[in-house]
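Please read all numbers here as calculations on a predicted model, not as lab measurements.
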Amino acid sequence: MTQLVDRASVPQSASEAVRPTSAAALARAQQAQAAVRRASLGAVIKAYVSLTKPRIIELLLITTVPAMFLADHGLPSLWLVLVVLVGGTLAAGAANALNCYIDRDIDQVMKRTSRRPLATHFVSPRAALVFGLTLAVLSTVLMAVFTNPLATLLTVGAIAYYDLVYTLWLKRTTPSNTVWGGACGAAPVLIGWAAVTGGLSWQAWVLFAVVFLWQPPHFYALAIKFKDDYARAGIPMLPVVASMRRVGLETVVYSWLTVLASVALWPFGMTPLYGVVAVVTGALLLIEAHKLDNRARRGEPLKPMRLFHWSVTYLTLLFVGIAIDALIQ
């Protein structure tokens with residue numbers, strides 16, 4: 001039972017003990033209170049930013065801008081690039097925040113995600129839902145006002161696909177979740193292209209294929225690393241439900257398809273510079289994929305993060321090559 005103490009009943013000496021006795025002491029107390037408020041505000045901001053998964057957003061934007069350069073055959077309007085970057089950031093942040101809201105049950109079970117704001121109850125589910133929906137609305141309005149209907153529709157579709165199709169359904173029901181979930185991860189290249197041209201050409205679809213096919217080997221490596229986490233949460237990632245030999249084989253197959261798709265872009269108006277980048281970086285990706293597959297066949301430790309980190313470098317270098325190629329034509 002809570003007891004209330006009358007302030008008048010506190011002895012005068014005790015009351016004076018909690019009061020600053022000088023202007024300097026008062027200033028120090030006020031500064032301490034302000035520091036606490038700043039720290040609290042900083043923690044809240046950091047929590048909401050983490051809901052958007054900034055590292056994933058960075059990777060999505062790496063593919064968007066070069067796609068815009070190629071669509072324009074040079075440097076598109078800087079204002080349009082800024083709009084698409086901001087709109088894409090808001091859209092991806094919305095999709096990721098809503099993903100955190102939907103996955104809050106399994107995030108508490110998995111060690112890798114147990115420190116996320118919803119898992120630690122630092123942010124309430126309702127607040128995360130409102131935050132995600134607000135970002136979705138802002139991104140949609142921004143794209144609708146400053147780009148065109150196709151780019152806006154693709155933006156809304158990517159958010160809906162990631163949260164309603166992948167997170168709610170595919171992720172929890174099928175080992176093919178990584179493959180089919182790749183559609184939303186590859187959508188930014190289509191959004192950037194559509195924002196520049198108002199349509200989608202064969203080049204745009206080839207770029208989409210590159211990113212779509214790249215995602216299985218990239219995420220299989222991560223799923224191998226956190227296999228026990230996914231198993232604990234009941235998520236049927238391929239490394240959880242299949243043998244490592246099967247995972248290694250699919251990693252090699254999708255890596256080859258990725259490289260072939262990247263080389264297939266070469267005849268669509270690309271220069272030899274892009275061809276060299278695609279072949280060299282693709283060869284290095286294939287080497288890492290085959291190394292993982294060989295270790296799986298021999299029953300050795302797979303060292304999946306080597307492939308994971310190189311796959312990020314591969315995609316970055318490939319799309320930097322695309323951007324440079326578009327600028328020099």
According to a hydrophobic-cluster definition based on side-chain heavy atoms being under 4.5 Å apart (Ile, Leu, Val, Met, Phe, Trp, Tyr only), do Val252 and Phe212 belong together? yes
Atom of Ala95, atom of Asp163 and distance for their closest heavy-atom approach: O-OD1, 2.8 Å
Using the ring centroid of each side chain, check whether Trp79 and Phe146 are separated by less than 6.0 Å. yes
Without hydrogens or angle criteria, can the side chains of Trp256 and His290 be said to hold a donor-acceptor pair below 3.5 Å? yes
Is there a side-chain contact between Asn177 and Arg172, using heavy atoms and a 4.5 Å cut-off? no
If you apply the rule salt bridge (charged side-chain N to carboxylate O under 4.0 Å, His left out), what do you find for Arg246 with Asp293, and how did you get there? CA-CA 9 Å; Arg246 165 75 181 279; Asp293 181 49; over 6 Å; no
Closest non-hydrogen atom pair between Pro301 and Arg295, with its separation: O-CD, 3.1 Å
Using side-chain heavy atoms (C-beta onward) and a distance below 4.5 Å, is Trp180 in contact with Tyr166? no
His218 and Thr178: CA distance, side-chain angles, deciding distance, side-chain contact (heavy atoms from CB on, under 4.5 Å) verdict: CA-CA 10 Å; His218 174 69; Thr178 302; over 6 Å; no
Less than 4.5 Å apart, side chain to side chain, heavy atoms only: is that true for Leu61 and Leu85? yes
Can you see which heavy atom on Ala43 is nearest to which on Phe122, and at what distance? O-CE2, 3.7 Å
Separation of Leu60 CG from Lys53 NZ (nearest 0.5 Å): 11.5 Å
Ile102 and Leu168: which non-hydrogen atoms are nearest, and at how many Å? CG2-CD2, 3.5 Å
Going by an N to O cut-off under 4.0 Å, is there a salt bridge joining Arg232 and Asp228? no
Suppose we call two aromatic rings close when their centres sit under 6.0 Å apart. Are Tyr48 and Phe131 close by that rule? yes
Contact between Leu170 and Val165 at the side-chain level, heavy atoms closer than 4.5 Å - yes or no? yes
Carboxylate-amine/guanidinium contact Arg116 Asp107, below 4.0 Å: yes
